[in-house]
Novice: 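I'd like to ask some things about the structure below.
Every chain is numbered from 1, with letters handed out A, B, ... down the list of sequences. Source: prediction; values computed, not measured. Note that these values count all heavy atoms, side chains included, but never hydrogens, waters or copies made by symmetry.
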Amino acid sequence: MSETTPAATEPFRTPTFKYDAGLAADIEARWQDTWEKDGTFDAPNPAGPLAPHSAAGDVAAKPHAFIMDMFPYPSGAGLHVGHPLGYIATDVYARFQRMTGHNVLHTLGYDAFGLPAEQHAVATGVHPRVSTEAAIANMRAQLRRLGLGHDSRRSISTIDPEYYRWTQWIFLQIFNSWYDPAVNAARPIAELIAAFADGSRPTPDGRAWSELSGLEREELLGEYRLAYSKEVPVNWCPGLGTVLANEEVTADGRSERGNFPVFKSKLRQWMMRITAYGDRLISDLDMLDWPEAIKLQQRNWIGRSEGARVDFTVPTHNGGAGQQPITVFTTRPDTLFGATYMVLAPEHELVDAIVPAAWPAETHADWKGEAHTPAEAVAAYRAVAAAKSDVERQVDAKVKTGVFTGAYATNPVTGKPVPVFIADYVLMGYGTGAIMAVPAHDHRDFAFARAFSLPMTCVVEPTDGRGTDPAEWDDAFDTYDSVIVNSANPDVSLNGLRVAEAKAAVTAWLTERGIGEGTVNYRLRDWLFSRQRYWGEPFPIVYDEDGVMHALPESMLPVEVPEVDDYSPHTYDSDDAASTPKTPLSRNEDWVSVRLDLGDGERTYRRETNTMPNWAGSCWYELRYVDPVNASKVVDPANEAYWMGPTEQKPAGGVDLYVGGAEHAVLHLLYARFWHKVLHDLGHVSSVEPFHKLFNQGMITADVYRDARGFPVPAVEVEEVDGGYVWQGQPVTREAGKMGKSLKNAVAPDTICEEYGADTLRLYEMSMGPLDVSRPWDPRAVVGSYRFLQRLWRNVVSEETGELVVSEEPADEPTLRALHKAIDGIRGDLAGLRFNTAVAKAIELNNYLVKRGSTPREVAQALVLMVAPLAPHIAEELWRKLGHTDSLAFADFPVADPVYLVDEAVTCVVQIKGKVRARLEVPPTITDAELEALALADPAVVAAIAGAPVRKVIARAPKLVNIVTG
RNA sequence: GCCCCGGUAGCCCAGCGGCAGAGGCACGGUGCUCAAACCACCGACAGCGUGGGUUCAAAUCCCACCCGGGGCACCA
């Protein structure tokens with residue numbers, strides 16, 4: 001490796017002013033200091049402490065560009081070159097925006113609460129605050145070397161009490177509001193309380209509000225609040241000792257972090273009513289400039305499906321013979337006549353009530369699960385189903401299992417009895433936990449019906465020639481594009497209707513009779529918001545002696561994370577499903593028990609001891625970037641409106657550009673949108689969405705080398721020998737992999753900065769490929785970017801004397817053409833985030849200048865300005881050498897002169913039957929007819945045609961003529 | 001199983017109906033040099049994953065398949 005390291009080669013004859021790693025380091029350190037000292041990247045706000053002191057210009061009138069990265073989680077391991085890819089990209093873009101007249105807000109904060117920091121703390125015995133702050137300091141130093149143009153005044157850290165007091169404040173806003181479907185927006189809970197109090201809204205049991213106890217009131221309000229605490233089935237992860245949100249559990253039922261098993265457990269936990277926003281979270285995606293893939297993931301996650309609820313009645317057996325409706329959700333109410341059986345989730349609450357004492361006469365042997373009574377069969381099946389992990393359940397998905405409950409429900413349109421089963425292919429968590437089964441037209445129902453010899457009725461006419469008898473089918477027929485058959489009773493007929501018409505007709509019929517209604521169902525669940533962890537924001541909630549919950553007033557914020565010695569979580573054996581969560585904060589009695597005056601005198605309260613998930617701090621940080629030191633408001637409306645307010649180009653408002661990885665598609669990006677919408681509804685922000693344009697950057701991968709046992713070996717120590725790879729004398733294999741410590745292939749940005757300089761690193765990362773694709777780190781290729789900067793330097797400065805060597809002669813026309821072609825291309829590429837091609841065009845122009853032998857001043861200036869966003873340090877240095885005293889951060893980016901964008905003459909290609917036979921030099925203004933005549937007269941063309949008849953001539957002036965002969 | 005994204009030179013990638021190449025790495029040669037590095041110049045290397053189709057013309061548009069990466073997955 002060291003042979004290819006220019007900085008390490010003996011510099012005994014190196015010219016004093018050669019652009020090498022040493023000079024680069026010198027230039028870079030100097031400019032970084034200058035930028036810091038001058039506050040070059042401090043962006044003025046229209047209002048508040050960050051507004052310009054003098055009336056130096058109307059900030060609000062200046063076009064803005066708010067450019068953001070997904071902020072990092074400070075890890076003790078330090079950065080590798082993959083981490084800053086996005087940060088460099090946003091910096092290039094931000095610098096470009098600054099040079100095109102924008103007031104640019106660009107900074108970087110730290111997302112520092114959460115599990116990894118706490119786990120690291122427990123493992124090392126260092127308090128999470130200490131280790132986290134050290135990691136932040138280390139990261140700041142690493143990033144500073146890259147010359148990122150951040151407004152340091154706006155950098156926040158989520159663990160700073162002055163930051164999280166506002167996280168808690170927003171929590172209280174959410175807690176103190178409810179979603180009013182009438183206006184389709186959140187409203188203060190006080191308005192709801194007022195309505196209950198004055199009787200304009202009756203309480204569920206009809207009692208007056210004043211008659212309800214404190215607990216009863218809180219219970220009732222809990223049904224409305226957007227943040228509420230409730231006993232619900234949650235994801236309990238004993239290995240981590242905490243509950244988790246659905247979004248943090250992988251498809252195979254394990255924790256995303258740590259990969260521990262996760263169990264369903266019914267526990268009292270804090271929830272956020274994100275489901276209230278399901279519709280808006282889907283529909284507002286249309287206003288956003290996001291990758292389609294991410295929009296799709298969010299739509300799928302929210303999983304909106306339109307359908308109907310339908311009641312099937314079933315006899316009950318708990319105390320007297322009654323009837324009970326079982327409500328199912330279906331997206332295909334049009335197939336109701338084909339519902340020949342029902343299935344409930346094994347945990348469905350009505351199962352016990354409908355199970356009869358004995359099997360009905362002539363019950364099919366296969367339905368009984370080898371049990372003597374239905375109750376026995378149900379119990380046995382439930383036990384088996386409960387013991388199955390999600391993985392097993394999915395593996396078994398092809399084979400349908402279940403058992404008959406012994407009960408028959410009545411199909412409301414056919415009046416026929418249909419057997420009721422329980423089966424684990426029906427999930428309690430979706431819809432109503434009960435389905436009507438239409439085996440002829442649903443794959444799962446078909447498989448189940450085949451396994452249990454259940455009847456099938458065809459009610460949607462097959463269009464593939466399979467016939468109308470399901471007994472002869474291999475699978476269900478589930479098309480939407482057909483007509484309904486076999487679907488009539490004395491009251492209503494769907495026969496002959498298209499699917500969509502039939503849905504409407506049957507839904508209307510059901511609604512009329514009060515046995516069903518059209519409804520929308522979501523896959524999205526409410527967001528589980530509490531964690532049994534130390535290292536997170538405490539909830540600003542206390543409980544009085546009666547257990548009634550009280551929100552703390554704003555004046556008591558922040559509720560600081562208590563300094564304790566024992567911050568370790570209560571973890572359990574990872575398979576111990578029966579364990580229950582315990583909060584670390586509950587161990588500190590002197591913190592938990594607190595004397596407060598909440599308006600009715602000083603009393604003793606107990607604090608909520610759960611903490612918020614690490615998503616909380618990242619749900620709103622863009623707002624704090626806008627107004628970081630505002631002590632009285634979460635964000636000043638004037639500042640929010642300026643940076644984030646809706647405009648014609650941004651109908652929902654939001655950050656102008658947000659760059660980060662795609663892994664947050666349904667986590668951070670969904671949660672942040674939800675919070676933002678609540679704040680919007682409550683009037684705190686004018687924007688409807690937090691992030692207008694989203695861009696997902698790719699990953700930097702690197703070669704991974706493994707020894708014979710398959711263990712990764714340090715990549716830097718591997719040598720290439722005769723096309724193979726060797727480490728410490730033993731052969732190793734090579735593969736592509738994620739860059740990181742565990743695969744022993746991490747490359748630190750510091751190393752590259754030392755060997756080549758930060759500008760080279762920036763340039764290389766930007767030139768590797770399109771920003772949104774993953775690409776391998778090639779240690780050998782970095783030198784290419786380094787050489788470009790050296791050639792650029794030499795085109796402007798003498799390596800021997802350090803003096804300017806540009807020519808003062810005006811540039812000739814071909815040079816101007818090359819220049820303006822480059823300006824035109826680079827401008828478009830930078831604006832479109834196509835940094836790889838922008839770099840190529842800069843190199844192309846520079847190579848032209850090398851070949852030309854001298855660089856006219858005007859070309860040098862333009863080239864330096866164009867390189868500035870990509871390699872700002874060397875550009876500043878050259879700009880100074882060119883005689884400028886100001887930083888070029890705010891210089892105008894060159895604009896192409898269209899005069900030089902058209903070539904004097906173009907080469908026209910003459911094809912004969914698609915093959916190139918001749919070339920003509922023609923003026924760019926030539927017409928099709930002139931070109932055609934010219935082509936047909938060309939001797940080479942005449943020879944190639946060789947007298948064959950010309951059938952057709954296609955002329956595309958000025959570049960092409962195609963002659964079709966024969 | 002379903003849905004995205006991608007397959008162009010030894011490698012990373014431009015081109016996205018009209019001459020296969022913008023740029024970089026690696027490679028070969030020449031010059032500079034005592035020699036080398038650096039530098040400069042020159043060069044070779046692909047017919048665009050495969051097979052069909054549309055078109056005067058296809059890397060580019062359409063269809064099917066193969067390979068690689070990602071997402072979802074009994075969601076009624």
Side-chain angles (χ1 to χ4, degrees), chain A residues 3-4 6 9-11 13-15 18 20 251-252 291-294 296-297 300-301 303 305 307 328-332 335 343 393-394 396-398 400 423-427 429-438 442-445 447-448 521-524 662-663 665-666 696 698-699 701 723 736 763-764 767-770 772-788 790-791 794 799 825 834 836-844 846-847 850-851 853 907-919 951-954 956 959-965:
Chain A
E3 296 83 352
T4 61
T9 53
E10 181 47 49
R13 284 199 54 214
T14 302
K18 183 181 162 77
D20 59 13
D252 55 352
E292 268 314 309
I294 302 289
L296 196 69
Q297 275 191 59
N300 288 343
W301 185 261
S305 42
V328 302
F329 172 74
T330 176
T331 54
R332 295 296 302 269
T335 63
V343 185
R393 220 172 52 81
Q394 278 171 39
D396 297 346
K398 277 153 269 164
K400 294 280 178 288
D424 65 0
Y425 83 93
V426 172
L427 311 172
Y430 185 78
T432 60
I435 62 158
M436 64 177 210
V438 185
D442 179 280
H443 296 288
R444 296 150 300 181
D445 297 346
F448 190 85
N521 195 58
Y522 298 93
R523 205 189 85 110
L524 182 70
E663 67 274 16
V666 294
N696 295 123
M699 212 168 42
T701 59
L763 206 58
Y764 175 62
S767 64
M768 290 166 80
D772 56 353
V773 304
S774 295
R775 49 307 223 350
W777 180 264
D778 181 354
R780 290 181 310 188
V782 184
V783 71
S785 301
Y786 183 60
R787 287 182 193 145
F788 161 58
Q790 290 180 319
R791 284 197 298 270
R794 274 201 304 272
E799 289 189 341
R834 295 183 298 271
N836 53 328
T837 51
V839 172
K841 283 163 189 156
I843 293 175
E844 192 180 2
N846 194 53
N847 287 352
V850 168
K851 210 168 248 180
T907 305
C908 170
V909 178
V910 184
Q911 299 177 332
I912 292 166
K913 297 207 311 195
K915 287 219 163 92
V916 179
R917 296 296 187 192
R919 286 156 213 272
R951 256 204 349 206
K952 196 169 177 184
V953 179
I954 297 107
R956 291 279 181 273
K959 296 194 76 171
L960 179 122
V961 177
N962 190 14
I963 298 163
V964 187
T965 58

Novice: Among the candidates B:A76, B:A40, B:C38, find the nucleotide nearest to the side-chain atoms of A:R794.
Specialist: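 When the side chain of A:R794 is considered, B:A40 is the closest of B:A76, B:A40, B:C38.
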Novice: For a quick check, tell me whether the side chain of A:K400 and the base of B:C74 share a donor-acceptor pair closer than 3.5 Å.
Specialist: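 Checked by distance alone, the answer is yes.
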Novice: Working to the nearest 0.5 angstrom, can you tell me the gap between A:R794 CZ and A:E799 CD?
Specialist: 5.0 Å
Novice: Quick one: which of B:C56, B:C39, B:A26 gets closest to the side chain of A:Q790?
Specialist: B:C39
Novice: Would you compute the distance between atom CE of A:M768 and atom CG of A:L763 and round it to the nearest 0.5 angstrom?
Specialist: 12.0 Å
Novice: Measure all distances between protein nitrogen or oxygen atoms and nitrogen or oxygen atoms of nucleotides 15-18 of chain B, and list the pairs falling under 3.5 Å.
Specialist:
unit_1, atom_1, unit_2, atom_2, d
B:G18, O6, A:R956, NE, 3.3
B:G18, N2, A:Q911, OE1, 3.3
B:G18, N2, A:N962, ND2, 3.0

Novice: Hey, does A:A781 reach any base, or is it just sugar-phosphate, or nothing, if we go heavy atoms under 4.0 Å?
Specialist: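 Sugar-phosphate: the residue A:A781, judged by heavy atoms under 4.0 Å, touches backbone atoms but no base.
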Novice: For the residue pair A:R775 and A:P770, what are the closest heavy atoms and their distance?
Specialist: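 Heavy-atom minimum between the residues: NH2-O, 3.2 Å.
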Novice: On the ring face of A:Y425, is A:K400 found with NZ or CZ under 6.0 Å from the centre and within 45° of the axis?
Specialist: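 Yes, A:K400 and A:Y425 form such a contact.
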Novice: With 3.5 Å as the limit, what N/O pairs link the protein to nucleotides 10-12 of chain B?
Specialist:
unit_1, atom_1, unit_2, atom_2, d
B:C12, O2', A:M768, O, 2.9

Novice: Using purine N1 to pyrimidine N3 plus N6-O4 or O6-N4 for Watson-Crick, or N1-O2 and O6-N3 for G-U wobble, both under 3.5 Å, which nucleotide pairs with B:C56?
Specialist: B:G18
Novice: Among the nucleotides B:A26, B:A76, B:C13, which one has an atom lying closest to any side-chain atom of A:N836?
Specialist: B:C13
Novice: Please name the nucleotide paired to B:C39 by Watson-Crick or G-U wobble geometry with both distances under 3.5 Å, or report none.
Specialist: B:G31
Novice: Among B:A14, B:C74, B:A76, which nucleotide sits nearest the side chain of A:P770?
Specialist: B:A14
Novice: Using a heavy-atom cut-off of under 4.0 Å over every strand shown, decide if A:S305 touches base, sugar-phosphate, or nothing.
Specialist: sugar-phosphate
Novice: Closest heavy-atom contact between A:S305 and A:Y430?
Specialist: OG-OH, 3.0 Å
Novice: Out of B:C56, B:G71, B:C38, which nucleotide sits closest to the side chain of A:K18?
Specialist: B:C38
Novice: Could you check A:T432 against A:C908 and say which one's nearest nucleotide on RNA chain B is further toward the 5' end?
Specialist: A:C908
Novice: Can you tell me whether the base of B:G43 sits syn or anti, using the 90° cut around 0 to define syn?
Specialist: anti
Novice: Among B:A40, B:A76, B:C3, which is the nearest nucleotide to the side chain of A:R791?
Specialist: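 The answer is B:A40.
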Novice: Side chain of A:Y425, heavy atoms from C-beta onward: which of B:C42, B:A76, B:C74 has the nearest atom to it?
Specialist: B:C74
Novice: Name the closest nucleotide to the A:V964 side chain, picking from B:C56, B:C39, B:A76.
Specialist: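 Comparing B:C56, B:C39, B:A76 against the side chain of A:V964, the answer is B:C56.
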Novice: Does A:V909 reach a base, just sugar-phosphate, or nothing at all? Heavy atoms under 4.0 Å.
Specialist: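 If one applies the 4.0 Å heavy-atom cut-off, A:V909 turns out to touch a base.
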Novice: Scan A:N847 against the nucleic acid and name what it touches under 4.0 Å (heavy atoms): base, sugar-phosphate only, or nothing.
Specialist: sugar-phosphate
Novice: Measuring from atom CG of A:N300 to atom CG of A:L524, what distance do you get when rounded to the nearest 0.5 angstrom?
Specialist: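 If we round to the nearest 0.5 Å, A:N300:CG and A:L524:CG are 12.5 Å apart.
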Novice: Does B:C65 have a Watson-Crick or wobble mate here (both distances under 3.5 Å), and if so which one?
Specialist: B:G49
